Amino acid sequence: MAIKILSVDDSRTIRLIVGKAFRPYDVQLCEAANGEEGLAVAAREKPELIILDVTMPVMDGVTMLTKLKEDADLKGIPVIMLTAESGRENVLQIAKLGVRDYLVKPFKEDQLIEKAGRCVNLQKKPAA
Amino acid sequence: MSDAVNYQDLARKYGFAPKLESASRLTQLVARQDADVDEIAKVINKDPSLKTRLLRAANPDAENEAEYSVETVEDALIRNGVGCAMVLAMGTPLAMALIKAFQTMLSLNLESIDRHQAMPIDGEHMLGTIGFNGKVVGSVYLRMSIEDARNVAATILGLSAGEMQDTSEIRDVIGELLNIMTGNFKSNLCDAGLECKLEPPDVKVTSDLETPVARGSGLERMAFKAGKIQLFVDVTANPWMDD
């Protein structure tokens, strides 16, 4: 059964790149464009991994992560931050909230796959 | 364990690239506001590229180094102001972030070139702007021809230029490129004590080649080339704003 991964980023470009990275794998990718949508999709789809941006309109990634960790049903989902921000305050605050990993943009698709592969068991799709 | 030690541990754990020391040191000194010229000059003298750029900025009419009337970093700082040096220093991490973004996302080696040797942009082009506000106020401007923007966007998304006809898609990719380079740069400013927030990027087609520079702000102008692609980056900043 395909692994459900949720990509939360306001940039369509990043969501497309994330989608491209996981295309060879047996993954069902869900998307959200901000933290508020991300929480709703996470509650509905119960993904096995969340890839989360920080700076987004409506609700930013730090607020979404805080709310996620307060929710008994969702707090166990591993989160990888995917953001251009690596400032000390941001990183310390995010690490304190609890994330599995942190990837700074720009990133190579194989870096994302490597970090995701440490959280979930990625399987290549069988050749067509 | 202090936050600083914890941050270093986390940076190692997550595999962050090391920050550029001279830019960080200089930004920290300027952020203090009470640093003297000698202290700042010492940092700049250790960074040959920054020293060259500062002297070039202090001798705007000189065709070459032999014509420089301002020859030392100290004199350049007195002539152009410490804020100018910081804007130049801020240009370095910005340039590195752009070069890294091209290497990582496009597998292209972007090189910094002399702006005067670049083929100037003429007429309509793509302009991306992103502002930052807080203890430092300024903007980053990214300009390129529409054709180059289409090629860059197509390569990042793994498409051919012919498949990339939707201008809104091109704008989204260029906006994200701008976000990535400025996000790294903003992190450097915040770490140096110049806390600021980024505004959402604005990307549009325009014929206007003017970069507005607010009173009291410094301006750093850079140009880059990768094959036929040319990019122009301007950064304006005033580091001594109150939030």
Side-chain angles (χ1 to χ4, degrees), chain A residues 7 9-24 31 33-34 51-58 60-62 79-112 114-116 118-119, chain B residues 2-11 13-19 97-107 130 152-153 156-159 166 168-201:
Chain A
S7 168
D9 203 303
D10 59 324
S11 164
R12 189 168 169 267
T13 300
I14 294 297
R15 299 199 308 270
L16 285 170
I17 293 171
V18 169
K20 192 153 70 81
F22 286 113
R23 206 169 294 152
E31 294 185 359
N34 60 63
I51 295 163
L52 179 58
D53 186 20
V54 172
T55 309
M56 293 180 287
V58 186
D60 66 25
V62 176
V79 175
I80 296 176
M81 300 307 292
L82 179 58
T83 171
E85 301 217 16
S86 61
R88 193 174 55 230
E89 295 305 319
N90 255 325
V91 173
L92 288 171
Q93 185 188 8
I94 287 164
K96 206 179 274 183
L97 287 168
V99 287
R100 191 64 68 87
D101 219 325
Y102 202 114
L103 184 55
V104 179
K105 298 173 187 172
F107 61 100
K108 282 193 182 294
E109 289 170 18
D110 54 7
Q111 286 176 295
L112 177 63
E114 189 202 330
K115 285 182 185 274
R118 290 190 211 143
C119 303
Chain B
S2 70
D3 276 357
V5 174
N6 276 327
Y7 175 75
Q8 294 305 331
D9 290 345
L10 290 169
K13 175 181 165 188
Y14 298 141
F16 293 173
K19 295 201 188 320
L98 183 62
I99 289 168
K100 188 179 172 198
F102 264 69
Q103 273 171 349
T104 311
M105 298 170 81
L106 292 105
S107 300
I130 197 162
V152 165
I156 287 177
L157 295 181
L159 302 170
D166 183 350
S168 70
E169 273 192 350
I170 300 173
R171 285 205 307 261
D172 192 76
V173 176
I174 301 304
E176 188 53 31
L177 192 60
L178 198 53
N179 246 334
I180 289 172
M181 61 188 270
T182 318
N184 282 283
F185 160 79
K186 179 231 166 196
S187 299
N188 287 337
L189 291 175
C190 290
D191 286 351
L194 292 170
E195 287 88 9
C196 56
K197 286 194 168 170
L198 291 182
E199 292 167 358

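Side-chain atoms are counted along with the backbone in the values below, which use heavy atoms only and exclude waters and symmetry mates. Predicted model, so just to flag it, every value in this text is computed and none were measured. To find a chain, count down the sequence lines: A is the first, B the second, and so on, and within it residues start at 1.
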Q) With distance as the sole test, does B:Asn184 use its side chain to make a donor-acceptor pair with the main-chain N or O of A:Lys105 at under 3.5 Å? A) yes

Q. Just by distance, do the side chain of A:Lys115 and the backbone of B:Tyr14 share a donor-acceptor pair under 3.5 Å?
A. yes

Report the distance from atom [atom1] of [X] to atom [atom2] of [Y], rounding to the nearest 0.5 Å.
X        : Y        : atom1 : atom2 : value
B:Asp172 : A:Ser11  : CG    : OG    : 4.5 Å
B:Glu176 : A:Ile17  : CD    : CD1   : 7.5 Å
A:Asp53  : B:Asn179 : CG    : CG    : 8.0 Å
B:Leu10  : A:Lys96  : CG    : NZ    : 11.0 Å
B:Asn6   : A:Arg88  : CG    : CZ    : 11.5 Å
B:Leu177 : A:Thr13  : CG    : OG1   : 9.5 Å

Q. Which bit of B:Leu189 is near chain A, if near means a heavy-atom gap under 4.5 Å: side chain, backbone, both or neither?
A. neither

Q: Against chain A, label B:Lys186 side chain, backbone, both or neither, depending on which of its atoms sit under 4.5 Å from a heavy atom there.
A: side chain

Q) Where is the tightest heavy-atom contact between B:Asp191 and A:Ser86, given as atom of each residue plus distance? A) OD2-O, 4.3 Å

Q | Nearest non-hydrogen partners of A:Glu85 and B:Ser187, listed with the distance | A | CA-OG, 3.5 Å

**Q.** Portion of A:Lys108 that has a non-hydrogen atom of chain B nearer than 4.5 angstrom
**A.** both

Q | Interface residue of largest heavy-atom contact number with chain A, from B:Ala101, B:Ala153, B:Cys190, under 4.5 Å | A | B:Ala101

(Q) Can you tell whether the side chains of A:Arg12 and B:Glu169 come within less than 4.0 Å, N to carboxylate O? (A) yes

